[in-house]
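Single-structure report; data block below.
Counting from 1, the numbers follow the sequence of the chain as shown. Heavy atoms only: backbone and side chains are in, while hydrogens, waters and symmetry mates are out.
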Amino acid sequence: MPYEPPTHSVERSLRATTGAKIVAGVDEVGRGAWAGPVTICAAVTGLRRPPEGLTDSKLLTPKRRRALAGQLESWVTAHALGHASPEEIDELGMTAALRLAAVRALAGLPVRPDAVILDGKHDYLGEPWRVRTVVKGDQSCVAVAAASVIAKVRRDAMMAELDADHAEFGFSDNAGYPSPVHRDALERLGPTPHHRLSWAYLDALPRWQHLKRPRLVAGGPEGPAGRGTAALEAGGQLGFEF
(Lines give C-alpha, C1' and ligand atoms only; values in the text may rest on other atoms or scores of the structure.)
Protein backbone atom coordinates (compact mmCIF):
# COMPACT_ATOMS: atom_id res chain seq x y z
CA MET A 1 0.00 0.00 0.00
CA PRO A 2 1.50 3.37 -1.01
CA TYR A 3 2.40 5.78 1.75
CA GLU A 4 3.81 9.26 2.02
CA PRO A 5 7.42 9.34 3.18
CA PRO A 6 8.11 11.06 6.51
CA THR A 7 9.39 14.63 6.57
CA HIS A 8 11.16 17.06 8.88
CA SER A 9 8.19 19.46 9.01
CA VAL A 10 7.43 18.98 12.72
CA GLU A 11 11.09 19.30 13.64
CA ARG A 12 11.40 22.47 11.55
CA SER A 13 8.31 23.87 13.30
CA LEU A 14 9.77 23.11 16.73
CA ARG A 15 13.05 24.75 15.79
CA ALA A 16 11.28 27.84 14.49
CA THR A 17 8.80 28.28 17.34
CA THR A 18 10.87 27.21 20.34
CA GLY A 19 14.46 27.79 19.30
CA ALA A 20 15.27 24.11 19.82
CA LYS A 21 18.50 23.02 18.18
CA ILE A 22 18.49 19.32 19.06
CA VAL A 23 15.20 17.49 18.55
CA ALA A 24 14.75 13.80 19.35
CA GLY A 25 12.08 11.53 17.92
CA VAL A 26 10.72 8.99 20.41
CA ASP A 27 8.69 5.85 19.79
CA GLU A 28 7.83 2.72 21.75
CA VAL A 29 7.30 -0.94 21.06
CA GLY A 30 5.94 -3.68 23.27
CA ARG A 31 3.14 -1.79 25.00
CA GLY A 32 0.49 -4.37 24.10
CA ALA A 33 2.64 -7.48 24.56
CA TRP A 34 1.98 -10.09 27.23
CA ALA A 35 5.68 -10.74 27.79
CA GLY A 36 8.93 -8.83 27.63
CA PRO A 37 9.81 -5.21 28.28
CA VAL A 38 8.38 -2.08 26.81
CA THR A 39 11.18 -0.58 24.74
CA ILE A 40 11.65 3.01 23.66
CA CYS A 41 14.11 4.45 21.19
CA ALA A 42 15.13 8.11 21.12
CA ALA A 43 16.68 9.15 17.81
CA VAL A 44 18.27 12.41 16.68
CA THR A 45 18.51 12.79 12.91
CA GLY A 46 19.03 16.45 12.16
CA LEU A 47 17.51 17.59 8.86
CA ARG A 48 19.32 15.22 6.53
CA ARG A 49 17.52 13.14 3.90
CA PRO A 50 16.71 9.72 5.38
CA PRO A 51 17.38 6.31 3.82
CA GLU A 52 14.96 5.29 1.09
CA GLY A 53 11.81 3.54 2.30
CA LEU A 54 11.78 4.86 5.87
CA THR A 55 8.34 4.70 7.46
CA ASP A 56 6.52 3.29 10.48
CA SER A 57 8.08 -0.05 11.38
CA LYS A 58 4.66 -1.76 11.29
CA LEU A 59 4.37 -1.05 7.57
CA LEU A 60 7.61 -2.87 6.76
CA THR A 61 8.29 -6.57 6.33
CA PRO A 62 10.60 -8.10 8.95
CA LYS A 63 13.38 -8.48 6.37
CA ARG A 64 13.07 -4.86 5.23
CA ARG A 65 12.89 -3.65 8.85
CA ARG A 66 16.11 -5.40 9.78
CA ALA A 67 17.94 -4.09 6.73
CA LEU A 68 16.67 -0.56 7.31
CA ALA A 69 17.56 -0.65 11.01
CA GLY A 70 21.13 -1.49 10.08
CA GLN A 71 21.25 1.55 7.82
CA LEU A 72 19.59 3.81 10.36
CA GLU A 73 21.89 2.98 13.26
CA SER A 74 24.82 4.38 11.30
CA TRP A 75 22.81 7.16 9.60
CA VAL A 76 21.22 8.85 12.62
CA THR A 77 23.17 11.52 14.48
CA ALA A 78 22.55 9.64 17.73
CA HIS A 79 20.18 7.09 19.18
CA ALA A 80 19.65 5.28 22.47
CA LEU A 81 17.23 2.71 23.85
CA GLY A 82 15.49 2.49 27.18
CA HIS A 83 13.52 -0.42 28.61
CA ALA A 84 11.03 -0.97 31.41
CA SER A 85 10.90 -4.57 32.60
CA PRO A 86 7.76 -6.67 33.07
CA GLU A 87 8.22 -6.28 36.84
CA GLU A 88 8.37 -2.49 36.50
CA ILE A 89 5.28 -2.51 34.30
CA ASP A 90 3.38 -4.56 36.88
CA GLU A 91 4.54 -2.38 39.73
CA LEU A 92 4.18 1.05 38.15
CA GLY A 93 1.48 0.69 35.49
CA MET A 94 2.04 1.23 31.79
CA THR A 95 2.04 5.03 31.75
CA ALA A 96 4.78 5.33 34.36
CA ALA A 97 6.69 2.46 32.75
CA LEU A 98 6.63 4.24 29.40
CA ARG A 99 7.96 7.38 31.03
CA LEU A 100 10.68 5.40 32.79
CA ALA A 101 11.80 3.77 29.54
CA ALA A 102 11.67 7.09 27.67
CA VAL A 103 13.73 8.88 30.32
CA ARG A 104 16.30 6.07 30.17
CA ALA A 105 16.48 6.36 26.38
CA LEU A 106 16.83 10.14 26.42
CA ALA A 107 19.46 9.92 29.16
CA GLY A 108 21.43 7.58 26.92
CA LEU A 109 21.85 10.19 24.19
CA PRO A 110 25.23 11.95 24.16
CA VAL A 111 23.53 15.36 24.34
CA ARG A 112 20.24 16.25 26.03
CA PRO A 113 17.62 17.19 23.41
CA ASP A 114 16.01 20.63 23.52
CA ALA A 115 12.67 19.14 22.43
CA VAL A 116 11.06 15.75 21.88
CA ILE A 117 8.62 14.59 19.21
CA LEU A 118 6.52 11.85 20.79
CA ASP A 119 4.50 9.42 18.70
CA GLY A 120 0.78 9.35 19.56
CA LYS A 121 -1.61 11.75 21.23
CA HIS A 122 -0.72 11.16 24.90
CA ASP A 123 2.23 12.88 26.51
CA TYR A 124 3.47 10.21 28.90
CA LEU A 125 6.82 11.98 29.23
CA GLY A 126 5.79 15.33 30.71
CA GLU A 127 7.90 17.96 32.41
CA PRO A 128 10.67 19.00 32.36
CA TRP A 129 10.80 17.83 28.76
CA ARG A 130 9.48 20.04 25.97
CA VAL A 131 7.20 17.62 24.13
CA ARG A 132 5.27 17.76 20.86
CA THR A 133 2.89 14.82 20.40
CA VAL A 134 2.11 13.76 16.84
CA VAL A 135 -0.54 11.19 15.96
CA LYS A 136 1.03 8.70 13.53
CA GLY A 137 4.34 10.46 14.01
CA ASP A 138 6.03 7.16 13.17
CA GLN A 139 4.72 7.65 9.62
CA SER A 140 5.05 11.41 9.23
CA CYS A 141 8.20 12.43 11.17
CA VAL A 142 11.66 11.28 10.11
CA ALA A 143 13.13 11.06 13.62
CA VAL A 144 10.12 9.20 15.03
CA ALA A 145 10.03 6.78 12.10
CA ALA A 146 13.73 6.06 12.61
CA ALA A 147 13.12 5.47 16.32
CA SER A 148 10.22 3.13 15.57
CA VAL A 149 12.26 0.91 13.25
CA ILE A 150 15.29 0.70 15.55
CA ALA A 151 13.14 0.01 18.63
CA LYS A 152 11.13 -2.72 16.88
CA VAL A 153 14.14 -4.56 15.49
CA ARG A 154 16.12 -4.38 18.73
CA ARG A 155 13.20 -5.55 20.90
CA ASP A 156 12.35 -8.37 18.47
CA ALA A 157 15.95 -9.56 18.74
CA MET A 158 15.76 -9.47 22.55
CA MET A 159 12.59 -11.54 22.52
CA ALA A 160 14.04 -14.04 20.04
CA GLU A 161 16.88 -14.71 22.47
CA LEU A 162 14.34 -15.94 25.02
CA ASP A 163 13.46 -18.87 22.74
CA ALA A 164 16.51 -20.73 24.04
CA ASP A 165 14.74 -21.26 27.36
CA HIS A 166 11.09 -20.82 26.36
CA ALA A 167 10.75 -22.24 22.84
CA GLU A 168 7.13 -23.33 23.42
CA PHE A 169 5.98 -19.69 23.55
CA GLY A 170 7.17 -18.75 20.08
CA PHE A 171 8.82 -15.51 21.15
CA SER A 172 10.93 -15.50 17.96
CA ASP A 173 7.74 -15.12 15.94
CA ASN A 174 5.34 -13.23 18.21
CA ALA A 175 7.80 -11.07 20.23
CA GLY A 176 5.66 -11.63 23.32
CA TYR A 177 2.41 -10.47 21.70
CA PRO A 178 -0.78 -12.59 21.62
CA SER A 179 -0.70 -15.47 19.12
CA PRO A 180 -2.22 -18.98 19.03
CA VAL A 181 1.13 -20.56 19.94
CA HIS A 182 1.65 -18.10 22.79
CA ARG A 183 -1.86 -18.61 24.15
CA ASP A 184 -1.55 -22.41 24.01
CA ALA A 185 1.77 -22.37 25.87
CA LEU A 186 0.35 -20.09 28.54
CA GLU A 187 -2.60 -22.37 29.09
CA ARG A 188 -0.37 -25.46 29.40
CA LEU A 189 2.72 -24.08 31.12
CA GLY A 190 1.70 -20.85 32.76
CA PRO A 191 3.59 -17.56 32.55
CA THR A 192 7.37 -17.36 32.40
CA PRO A 193 9.50 -14.94 34.44
CA HIS A 194 9.27 -12.65 31.40
CA HIS A 195 5.48 -12.29 31.48
CA ARG A 196 3.53 -9.34 32.83
CA LEU A 197 1.53 -10.69 35.71
CA SER A 198 -0.94 -7.80 35.95
CA TRP A 199 -2.17 -8.34 32.38
CA ALA A 200 -5.76 -9.36 31.58
CA TYR A 201 -4.79 -12.58 29.76
CA LEU A 202 -4.53 -14.27 33.16
CA ASP A 203 -8.28 -13.75 33.66
CA ALA A 204 -8.83 -16.48 31.07
CA LEU A 205 -6.41 -18.93 32.73
CA PRO A 206 -8.11 -20.37 35.84
CA ARG A 207 -5.15 -22.65 36.52
CA TRP A 208 -2.79 -19.67 36.77
CA GLN A 209 -5.01 -16.90 38.12
CA HIS A 210 -3.38 -17.15 41.54
CA LEU A 211 -0.26 -15.60 39.98
CA LYS A 212 -2.02 -12.44 38.86
CA ARG A 213 -0.90 -9.19 40.41
CA PRO A 214 -3.37 -6.36 40.94
CA ARG A 215 -2.74 -3.82 38.23
CA LEU A 216 -2.50 -0.11 38.77
CA VAL A 217 -6.00 1.33 38.38
CA ALA A 218 -5.93 4.45 36.26
CA GLY A 219 -8.45 6.46 38.21
CA GLY A 220 -6.71 9.75 37.57
CA PRO A 221 -3.60 11.34 36.20
CA GLU A 222 -0.21 10.16 37.41
CA GLY A 223 1.37 13.58 37.78
CA PRO A 224 2.35 15.71 34.79
CA ALA A 225 2.88 12.69 32.55
CA GLY A 226 -0.54 11.25 33.31
CA ARG A 227 -2.70 12.82 30.62
CA GLY A 228 -4.44 9.99 28.77
CA THR A 229 -3.50 7.49 31.46
CA ALA A 230 -6.71 5.49 31.15
CA ALA A 231 -6.28 5.03 27.41
CA LEU A 232 -2.65 4.02 27.76
CA GLU A 233 -3.38 1.53 30.53
CA ALA A 234 -6.31 0.02 28.63
CA GLY A 235 -4.17 -0.25 25.51
CA GLY A 236 -1.73 -2.46 27.32
CA GLN A 237 -4.29 -4.71 28.99
CA LEU A 238 -5.10 -7.02 26.11
CA GLY A 239 -7.11 -10.05 27.08
CA PHE A 240 -8.15 -13.10 25.03
CA GLU A 241 -10.85 -15.72 25.28
CA PHE A 242 -9.28 -19.17 25.36
Side-chain angles (χ1 to χ4, degrees), residues 3-29 31 38-60 68-69 71-84 94-154 221-229 231-232 235:
Y3 54 83
E4 291 293 323
T7 70
H8 294 293
S9 61
V10 176
E11 183 170 340
R12 292 182 189 278
S13 172
L14 275 169
R15 288 171 174 244
T17 58
T18 69
K21 294 181 180 180
I22 300 174
V23 179
V26 168
D27 198 18
E28 57 79 19
V29 63
R31 180 163 65 90
V38 62
T39 296
I40 284 183
C41 180
V44 178
T45 65
L47 300 177
R48 293 173 297 141
R49 183 174 180 176
E52 190 70 25
L54 177 62
T55 187
D56 172 15
S57 64
K58 295 185 292 295
L59 299 178
L60 301 169
L68 189 55
Q71 290 179 267
L72 288 168
E73 291 194 17
S74 59
W75 173 80
V76 296
T77 303
H79 76 282
L81 285 99
H83 311 278
M94 180 52 71
T95 305
L98 283 168
R99 186 176 196 277
L100 182 62
V103 168
R104 287 169 173 167
L106 291 165
L109 294 173
V111 180
R112 179 185 173 96
D114 302 309
V116 173
I117 304 172
L118 194 63
D119 181 52
K121 63 182 178 180
H122 301 300
D123 177 9
Y124 54 77
L125 189 55
E127 297 176 352
W129 300 94
R130 179 183 291 162
V131 176
R132 174 78 60 86
T133 57
V134 179
V135 175
K136 294 188 177 179
D138 47 10
Q139 294 183 36
S140 61
C141 302
V142 170
V144 180
S148 80
V149 172
I150 294 171
K152 173 65 175 168
V153 170
R154 294 285 288 274
E222 297 174 306
R227 292 184 295 275
T229 298
L232 284 166

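Nearest heavy-atom pair across Leu109 and Ala24 is CD1-CB, 4.2 Å. Contact detail for Ala101 and Val38: the closest heavy-atom pair is CB-O, 4.1 Å. A pairwise comparison of heavy atoms in Gly120 and Thr133 identifies O-CB, 3.3 Å as the closest pair. Across every non-hydrogen atom of Gln71 and Pro51, the tightest pair is NE2-CB, 4.0 Å. Shown here for Arg112 and Pro128, the closest heavy-atom pair between the two residues is NH2-CG, 3.7 Å. Residue Gly82 comes nearest to Ala105 through the heavy atom pair N-CB, 3.5 Å, listed as atom of the first residue, atom of the second, then distance.
Taken from CG in Asp123 to OG1 in Thr95, the straight-line distance is 11.0 Å, to the nearest 0.5 Å. Atoms SG and CG, on Cys41 and Asp119 in that order, are 12.5 Å from each other to the nearest 0.5 Å. Here CZ of Arg12 is found 4.5 Å from CG of Leu47. Values are rounded to the nearest 0.5 Å. The OG1 atom of Thr39 lies 4.5 Å from the NE2 atom of His83; values are rounded to the nearest 0.5 Å.
Partners of Glu28 under the side chain to side chain donor-acceptor pair (under 3.5 Å) rule, at least two apart in sequence or in another chain, do not exist in this structure. Contacts of Arg15 classified as side chain to side chain donor-acceptor pair (under 3.5 Å), with partners at least two apart in sequence or in another chain: Glu11. Applying the side-chain contact (heavy atoms from CB on, under 4.5 Å) criterion to Thr18, with sequence neighbours excluded, gives Leu14, Ala20, Arg130. Scored by the salt bridge (charged side-chain N to carboxylate O under 4.0 Å, His left out) test, Arg154 finds Glu73 as partners (sequence neighbours excluded).
Counting only heavy atoms from C-beta outward, the side chains of Thr45 and His8 approach each other to under 4.5 Å. The side-chain heavy atoms of Tyr124 and Ile40, taken from C-beta on, include a pair separated by under 4.5 Å. The closest side-chain heavy-atom distance from Val103 to Leu125 is below 4.5 Å.
Judged as a salt bridge (charged side-chain N to carboxylate O under 4.0 Å, His left out), the pairs with a partner in residues 46-58 (not counting sequence neighbours) are, in order, Asp56-Lys58, Lys58-Asp138.
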Quick one: side chains of residues 140-151, donor-acceptor pairs under 3.5 Å with protein atoms, not counting sequence neighbours, listed by atom name and distance.
unit_1: Ser140; atom_1: OG; unit_2: Lys136; atom_2: O; d: 3.3
unit_1: Ser148; atom_1: OG; unit_2: Ser57; atom_2: N; d: 3.3
unit_1: Ser148; atom_1: OG; unit_2: Ala145; atom_2: O; d: 2.8

**OP:** Kindly indicate, with the supporting measurements, whether the criterion side chain to side chain contact (heavy atoms under 4.5 Å, CB included) is fulfilled by Val111 and Lys21.
**Re:** CA-CA 11 Å; Val111 180; Lys21 294 181 180 180; over 6 Å; no

